[in-house]
Amino acid sequence: MGYAEAKEHRKPPSYLWGPSFLLLLCALVRLELLPAPLLSAYLLSSLAAFFLYAADKSAAIRGARRISERTLHLAGLFGGWPGALLAQRLLHHKSQKGSFQLAFRFTVMANSAALALYAYGRPGG
């Protein structure tokens, strides 16, 4: 299979999932289905997670003390997964380690489930 054929079989860019999720949250806030502070929390958590991944990548390159995988996963679990996903794809960090990706996907699902339960439990939800 040549380059042209391989290019046709690529999956959609996964780095778009995080920003797409944040855009969906923007729409839900605009429609007053979710409170604006929730969007702010996701944006700040995503920014913090992105910087954690960037700091860990930098430490890995320098051979310095690393940020624990547990900390990276907690950042994703508490709403920073869109920024974490973007960092994984843009910085090429932790994107190939299978065990990390499995745990990361679990944190995304857990966070999304918690958000859905919150939204469903709200008056009018």
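Only this structure's heavy atoms are used, side chains among them; waters, hydrogens and symmetry mates stay out.
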Side-chain heavy-atom pair [X], [Y] within 4.5 angstrom cut-off:
X	Y	answer
I67	L72	yes
Q101	Q96	no
Y118	L34	yes
P35	V29	no

If we ignore hydrogens and angles and just use 3.5 Å, is the side chain of [X] paired with the main-chain N or O of [Y] as donor and acceptor?
X	Y	answer
N111	F78	no
S58	A54	no
K57	H92	yes

Roughly how far, to the nearest 0.5 Å, is [atom2] of [Y] from [atom1] of [X]?
X	Y	atom1	atom2	value
R65	D56	CZ	CG	11.5 Å
Y53	K94	OH	NZ	8.0 Å
H73	F104	NE2	CZ	8.5 Å
L25	L43	CG	CG	8.0 Å
L28	L39	CG	CG	9.5 Å
W81	S45	CH2	OG	12.5 Å

Could you tell me which non-hydrogen atom of [X] sits nearest to which non-hydrogen atom of [Y], and how far apart they are?
X	Y	result
G83	F50	O-CD1, 3.5 Å
G79	S46	O-OG, 3.6 Å
R89	S95	NH1-CB, 3.3 Å

Same apolar cluster: [X] and [Y], side chain cutoff 4.5 Å:
X	Y	value
L91	I61	no
F51	L44	no
L23	Y42	no

Q) Please walk me through it: do T107 and L74 pass side chain to side chain contact (heavy atoms under 4.5 Å, CB included)? A) CA-CA 8 Å; T107 65; L74 285 173; over 6 Å; no
Q. For W17, which of L85, L86, V108 qualifies under side-chain contact (heavy atoms from CB on, under 4.5 Å)?
A.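 The residue from L85, L86, V108 that satisfies side-chain contact (heavy atoms from CB on, under 4.5 Å) with W17 turns out to be L85.
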